[in-house]
A.B. asks: 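After the structure tokens below, expect a handful of questions from me.
When reading the values below, keep in mind they use all heavy atoms of this one structure, side chains included, and skip hydrogens, waters and symmetry mates. When a residue number appears, it is its place in the shown sequence, counting from 1.
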Amino acid sequence: MTIELDQREDGELIGIILQAAGRGDFETMARTASEVSEMTRNWATHIPWDDLAALDGADGELARVVEDLTEMWEPAHLRNPVDPDEEYALDKNAYDFYRPAGRNLLTRTEDFYDWVQARRRTETWQYSRVLEAAPDSVAQITNDLGRRARGINFNSQDYLSFNTHPAIREAAARAMHDYGPHSAGSPMVLGNTRISDDLEAALGDLVGLDHVTLFPTGWAAGFGAVVGLVRQSDHILIDRLAHSCLQQGARAATRNVVRYEHLNVEAVRRHLTEIRATDSRNGILVVTDGLFSVDADWPDLVTLQRVCREHDATLLVDVAHDLGSMGPGGTGVLGMQGLLGEVDIVMGAFSKTFCSNGGFVASRSPALKQYVKMFGGSHFFSNALSPVQTAVVREAARIIRSPEGDVLRDRLFTAIHALRDELTGRGLTCMGEPSPIVPLLIGNEKLARTANRLLFDRGVLAFMVEFPVTPTGSSRFRLQVQAGHRPEEAREAARIIEGALADSRAYLSSAFGSAPR
């Protein structure tokens, strides 16, 4: 009922704005726009609600705004009917199904499934697409309806383009020949091979820490490190945007969890002071990412590590996205801030730059290594990385440290700057700092899902991020750049994205409010 009331009220207000525009009465337009509801403002972010008084007719901007407003609030009987599936698919968010009610754990999942099916039918479901061939800077994929598309690929986590590198493929083939495809067991039993030891040494050299433990996935490394070290009476301070494996590990390890404001070192200092004022006996783990995967920014690790030591707390940094692809010699944010060998615990994943599954935890302490191996369940009770995966990561680490690694990082950042410059030059908003992740902020989920559907057909493969990865109302495209992307490909993709967003706004404006209820 609230939504319908807001729409009627906004309809009246927009009618007044349109009449005032016809008279050239910009003061009335601006005054009336200030009363439009936040819901409509959030939905129609392309309308300059706060700047209507500044529209003087130059460059046709006033005419475009009047056209958009007229399209949005045209009488319902004049609009085209909307597909009920599409209305349902676009109006709901995963958050609406996050807390289902009912005693039957099986049947209470059905409403969510109905919504997913509606999104599949309308091709607004961005998940579970499949590759038809090895992904490169261009890829061929198939969606849930079996439709195939080929396009510029910003949907793969292969920052240095190792997936097609001859030396990487040769390393995989050699390991297959020498050891076969099978991981023979848990690394605590007989899952490791001689090349596992070589890989641990190479990773230790890369992050400046001697004692490295391998895990079968990056998720397992983050979760295992936290639950292996922290007990119920201990405390965890974690950046509210840290990776899911760390968040879920924190909740599993202790109820004493504080999710602090993103990147706010002073908030960490304040929380540590408060905890130590009442608890001098138990441990505190402070958790952050190196490069954050949806905002593309990073913390001041120098200050954060110092603050931790001042309060006898331990710092864990997840370098999954930056290690190998950024920093001097591929040392990531740690190398950029002069912290190699200085952070208490470093963990990472091989799925972004190292062309394989798997992850690791590193520290200066042999005792910590042995403890996490024994009590981090995802190491002890999972089969080890296969020999092929291990060999691929070891070869990737070698190239990352070589002069060729510097060349690849230079190519990667040339493509990154081309993409960011072209997007921002077209008036779009790139978040964060230049890195292999280029988050393009959209906000409204309807707009992002509709644009994502158009991009599939127009030859740009991008991952649309929404809840539960981001809060509702802050959707974005996470564009992941590779060394193999040519600058002209990046610029072409930006042009296509701008067009898809413009066409999506026009489509949603024509359909808004016309669907049967």
Side-chain angles (χ1 to χ4, degrees), residues 1-7 39-40 42-46 71-72 74 76-77 79-102 104-131 141-149 151 155 244 294 440 442-458 460-478 497 500-517:
M1 292 301 293
T2 301
I3 291 174
E4 292 175 356
L5 181 60
D6 284 342
Q7 286 181 355
M39 183 195 73
T40 294
N42 290 336
W43 177 78
T45 55
H46 58 299
E71 189 79 9
M72 286 168 55
E74 192 178 30
H77 68 279
R79 300 184 197 120
N80 295 324
V82 171
D83 177 354
D85 267 352
E86 181 151 281
E87 183 182 35
Y88 189 46
L90 294 181
D91 276 349
K92 294 287 186 179
N93 287 301
Y95 184 79
D96 297 323
F97 306 94
Y98 186 58
R99 300 186 187 282
N104 189 313
L105 294 176
L106 301 179
T107 59
R108 74 186 198 184
T109 64
E110 291 173 358
D111 285 348
F112 172 71
Y113 183 71
D114 289 344
W115 176 66
V116 171
Q117 289 298 84
R119 289 193 60 182
R120 286 191 170 116
R121 286 190 291 270
T122 56
E123 300 189 65
T124 57
W125 184 246
Q126 71 270 38
Y127 303 106
S128 305
R129 294 168 171 176
V130 297
L131 284 162
I141 64 175
T142 301
N143 71 8
D144 276 15
L145 296 182
R147 280 209 312 117
R148 191 169 292 181
N155 210 158
S244 170
V294 293
L440 178 64
I442 305 299
N444 181 273
E445 283 81 7
K446 285 184 181 179
L447 177 60
R449 292 171 192 164
T450 307
N452 194 45
R453 180 171 58 191
L454 294 181
L455 289 178
F456 183 83
D457 290 329
R458 297 180 182 183
V460 173
L461 309 179
F463 184 56
M464 198 277 279
V465 180
E466 59 179 309
F467 181 87
V469 180
T470 61
T472 56
S474 58
S475 66
R476 66 204 63 174
F477 287 105
R478 186 173 67 179
I497 291 170
L501 286 168
D503 290 347
S504 298
R505 286 193 184 97
Y507 171 75
L508 291 171
S509 292
S510 68
F512 185 64
S514 64
R517 298 192 181 278

A.B. asks: Does any part of the side chain of Arg478, heavy atoms only, come nearer than 4.5 Å to the side chain of Thr470, both counted from C-beta?
C.D. replies: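 Side chain of Thr470 against side chain of Arg478, heavy atoms only: no contact under 4.5 Å found.
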A.B. asks: Please give me the minimum heavy-atom distance between Asn452 and Gln126, naming the atom from each residue.
C.D. replies: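 Result for this residue pair: ND2-CB, 3.3 Å.
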A.B. asks: What's the separation between atom CD in Glu86 and atom CG in Asp91, rounded to the nearest 0.5 Å?
C.D. replies: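 The CG atom of Asp91 is 10.0 Å from CD of Glu86, to the nearest 0.5 Å.
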A.B. asks: Between atom CG of Leu461 and atom CG of Leu131, what is the distance when rounded to the nearest 0.5 Å?
C.D. replies: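 One finds 9.0 Å between CG of Leu461 and CG of Leu131.
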A.B. asks: If you look at every heavy atom in Arg453 and Tyr507, which pair is closest and at what distance?
C.D. replies: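 Nearest heavy atoms, Arg453 then Tyr507: NH2-CE2, 3.9 Å.
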A.B. asks: Please check if the side chain of Asp96 supplies one atom and the backbone of Asn93 the other of a donor-acceptor pair under 3.5 Å.
C.D. replies: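 Present.
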A.B. asks: Looking at Arg121 and Asp144, is there a salt bridge between them, counting it only when a charged N and a carboxylate O are closer than 4.0 Å?
C.D. replies: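 Salt bridge between Asp144 and Arg121, a charged N being under 4.0 Å from a carboxylate O: no.
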A.B. asks: Compare every heavy atom of Ala94 with every heavy atom of Trp115, then report the nearest pair and how far apart it is.
C.D. replies: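 Looking at all heavy atoms of both residues, the shortest contact is CH2-N, 3.5 Å.
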A.B. asks: Hey, does Thr124 have a side-chain heavy atom less than 4.5 Å from the side chain of Met464?
C.D. replies: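 The answer is no, as the side chains (C-beta and beyond) never meet within the 4.5 Å cut-off.
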A.B. asks: Quick one: pull up CG in Leu440 and CD1 in Ile497 and give me the separation to the nearest 0.5 Å.
C.D. replies: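 One finds 6.0 Å between CG of Leu440 and CD1 of Ile497.
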A.B. asks: Just wondering, do Phe477 and Leu455 contact through their side chains at under 4.5 Å, heavy atoms?
C.D. replies: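 The answer is yes; the side chains approach within 4.5 Å.
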A.B. asks: Inspect the contact between Asp111 and Lys92 and indicate whether a charged nitrogen and a carboxylate oxygen are less than 4.0 angstrom apart.
C.D. replies: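 So Lys92 does not pair with Asp111 through a salt bridge.
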A.B. asks: Nearest heavy-atom pair of Ser504 and Leu447: which atoms, and what distance?
C.D. replies: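 So the minimum-distance heavy-atom pair works out to CB-CD1, 3.7 Å.
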A.B. asks: Is there a side-chain contact between Thr122 and Leu90 in this structure, where contact means two heavy atoms from C-beta onward sitting under 4.5 Å apart?
C.D. replies: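 No; the side chains remain at least 4.5 Å from each other.
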A.B. asks: Which value, rounded to the nearest 0.5 Å, describes the distance between Arg505 atom CZ and Lys446 atom NZ?
C.D. replies: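 Separation between the atoms: 14.5 Å.
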A.B. asks: Check whether any side-chain N or O of Ser474 sits under 3.5 Å from a backbone N or O of Gly443 as a donor-acceptor pair, and report yes or no.
C.D. replies: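 A pair under 3.5 Å: no.
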A.B. asks: Compare every heavy atom of Tyr88 with every heavy atom of Ala118, then report the nearest pair and how far apart it is.
C.D. replies: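 Smallest interatomic distance, heavy atoms only, reads CB-CD2, 3.9 Å.
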A.B. asks: State which residues pass ring pair (Phe, Tyr, Trp, His ring centres under 6.0 Å) with Phe463; sequence neighbours excluded, sorted by chain then number.
C.D. replies: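 Phe463 satisfies ring pair (Phe, Tyr, Trp, His ring centres under 6.0 Å) with Tyr127 once adjacent residues are dropped.
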A.B. asks: Quick check for you: to the nearest 0.5 Å, what is the distance between Asp85 atom CG and Gln117 atom CD?
C.D. replies: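 Asp85 atom CG to Gln117 atom CD measures 9.5 Å (nearest 0.5 Å).
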A.B. asks: Going by an N to O cut-off under 4.0 Å, is there a salt bridge joining Arg119 and Glu466?
C.D. replies: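 Result for this pair is yes, salt bridge flagged.
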